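One structure below.
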Amino acid sequence: MSVRRGGLLHGTKVATTSGWKPVERLVAGDLVRTLDHGFCELRRASVDRIVVPEDERRAEHLPVLVPSRAAYNGRPVWLMPEQGMALDQGKLGLGVEGISIVPARMLSGVAQLQSRAPAQTFDVTSLFFDNDEVVFIEGGFQAYCPAGRMTGAAGATGTYQVADAEDADLLIDAVAIKGDISPLANPLGALPAPVPQGPIFPIRPQAGVRRPGRPGRPDVPALFLRPEWQN
């Protein structure tokens, strides 16, 4: 498969109801945490093998390496060049709100991000849902998963706004001026908690037995009560 495409490299962890889970272990039916629609059911996971030519040097044809602690990630994260990333425009101070989707390849050279090959051969998985979704990958980075394959076509329609070339340039320039890539990540998304699937039943103590650490409510002296309340 061509290296200039989207998808998540194997080893990348995705937020699910079970906590962080490597993308290659996700299967149809898993519940994946999304930015705007809670936990959504994964409909399909497509796996492809990528082979990078030995003489490939073009940055737009190589994955982007995000170094550790570039945002909220504790370890390096690889992004495919055409993988859409959700950018929070409100964090750029441009007076514009909302999410805009930009291709990861445009981040090369910003805040120490570099385009390079993780290996000559590696695997990627693309995730598909009923609707366009933004999922959390490790570090709280917001990865765009369209209902169809990411084609990179400018002005594509869907749940999220995909920036055209001119708007994407302006947004990436603003990120470079800001000096960090935190608008592409969410600190709350960086800490997913497992969600129990079964019903939770409270455990009540036996009748007449107080719970540990709960000595009971002290008696309220009558002098604190108005006379008319004591009847």
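Values in this document were obtained by computation on a predicted structure and should not be read as measured data. Quick note: numbers below take in every heavy atom, side chains included, and nothing from hydrogens, waters or symmetry partners.
Residue pairs that meet the salt bridge (charged side-chain N to carboxylate O under 4.0 Å, His left out) test with at least one member in residues 56-65, sequence neighbours left out, are E56-R58. Listed by first and then second residue, the salt bridge (charged side-chain N to carboxylate O under 4.0 Å, His left out) pairs that reach into residues 11-29 are K21-D30, sequence neighbours excluded. Identified under the salt bridge (charged side-chain N to carboxylate O under 4.0 Å, His left out) test for residues 168-180, with sequence neighbours left out: none.
Scanning both residues, P118 and P63, for their nearest heavy atoms gives CD-CG, 3.8 Å. The minimum heavy-atom distance linking K91 with P187 is given by the pair NZ-CD, 4.2 Å. Between L79 and A104, the shortest heavy-atom distance links the atoms CB-CB, 3.8 Å. The shortest non-hydrogen separation linking F141 to A71 is CZ-CB, 3.7 Å. The two residues G11 and V23 make their nearest non-hydrogen contact at N-CG1, 4.4 Å.
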Between E97 and Q89, does a side-chain contact (heavy atoms from CB on, under 4.5 Å) hold up when you go through it step by step? CA-CA 5 Å; E97 300 293 332; Q89 301 176 89; over 6 Å; no
How far apart are the C-alpha atoms of S100 and Y160, what are their side-chain angles, what is the distance that settles it, and do they pass the side-chain contact (heavy atoms from CB on, under 4.5 Å) test? CA-CA 7 Å; S100 187; Y160 297 94; over 6 Å; no
Please report the C-alpha distance between D48 and D123 in whole Å, then the side-chain angles of each, then the deciding distance to 0.1 Å, and finally whether the side-chain contact (heavy atoms from CB on, under 4.5 Å) criterion is met. CA-CA 6 Å; D48 294 303; D123 295 328; over 6 Å; no
Evaluate the side-chain contact (heavy atoms from CB on, under 4.5 Å) criterion for residues L8 and W78: first the C-alpha distance (whole Å), next the side-chain angles of each, then the deciding distance (0.1 Å), finally the verdict. CA-CA 8 Å; L8 302 176; W78 289 94; over 6 Å; no
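When hydrophobic clusters are built by joining Ile, Leu, Val, Met, Phe, Trp and Tyr residues whose side-chain heavy atoms come closer than 4.5 Å, directly or via intermediates, V102 is not grouped with L170. Under the 4.5 Å side-chain heavy-atom criterion for grouping Ile, Leu, Val, Met, Phe, Trp and Tyr, V175 is connected to L113 within one hydrophobic cluster. Residue L92 is grouped with residue I172 when hydrophobic side chains (ILVMFWY) are merged at heavy-atom distances under 4.5 angstrom, including chains of intermediate members. Taken together through direct or relayed side-chain contacts under 4.5 Å among Ile, Leu, Val, Met, Phe, Trp and Tyr, V32 and V47 form parts of separate hydrophobic clusters. Residues V52 and L9 fall within the same hydrophobic cluster, defined by Ile, Leu, Val, Met, Phe, Trp and Tyr side chains chained together at heavy-atom separations under 4.5 Å.
Cation-pi geometry between R43 and F129 is not satisfied (NZ or CZ under 6.0 Å from the ring centre, within 45° of the ring normal). A cation-pi contact, defined as under 6.0 Å to the ring centre and within 45° of the axis, links R33 to F136.
Taken from OG in S108 to CG in L65, the straight-line distance is 10.0 Å, to the nearest 0.5 Å. If you take CZ on R75 and OG on S68, they are separated by 11.0 Å, rounding to the nearest 0.5 Å. Distance check: L171 CG to I101 CD1 gives 11.0 Å after rounding to the nearest 0.5 Å. Rounded to the nearest 0.5 angstrom, L127 CG and L26 CG are separated by 6.0 Å. Taking CG of L35 as the reference point, atom SG of C40 lies at 10.5 Å (rounded to 0.5 Å).
Using a 4.5 Å heavy-atom cutoff, the side chains of F128 and L42 are not in contact. In this structure, L31 and T16 have side chains that are not in contact, with every pair of non-hydrogen atoms separated by 4.5 Å or more. Counting heavy atoms from C-beta outward, D36 and T34 have side chains that stay 4.5 Å or more apart. Side-chain contact check for Y144 versus M85: every heavy-atom pair is 4.5 Å or farther apart. I137 is listed as a side-chain neighbour of V77, based on a closest heavy-atom distance under 4.5 Å. Proximity of Q161 to I99: side-chain heavy atoms (C-beta onward) are nowhere separated by under 4.5 Å.
Within 6.0 Å of CD in E41 there are more than 12 heavy atoms belonging to other residues, nucleotides or ligands.
Distance alone, capped at 3.5 Å, places no donor-acceptor pair between the N73 side chain and the P76 backbone. Under a 3.5 Å cut-off, the side chain of N186 and the backbone N or O of Q142 do not form any donor-acceptor pair. A side-chain donor-acceptor contact under 3.5 Å links D132 to the backbone of A147.
There is a side-chain donor-acceptor pair under 3.5 Å between S126 and R5.
Of the residues listed (E82, H61, Q83), the one engaging R105 in a side chain to side chain contact (heavy atoms under 4.5 Å, CB included) is E82, and it is the only one.
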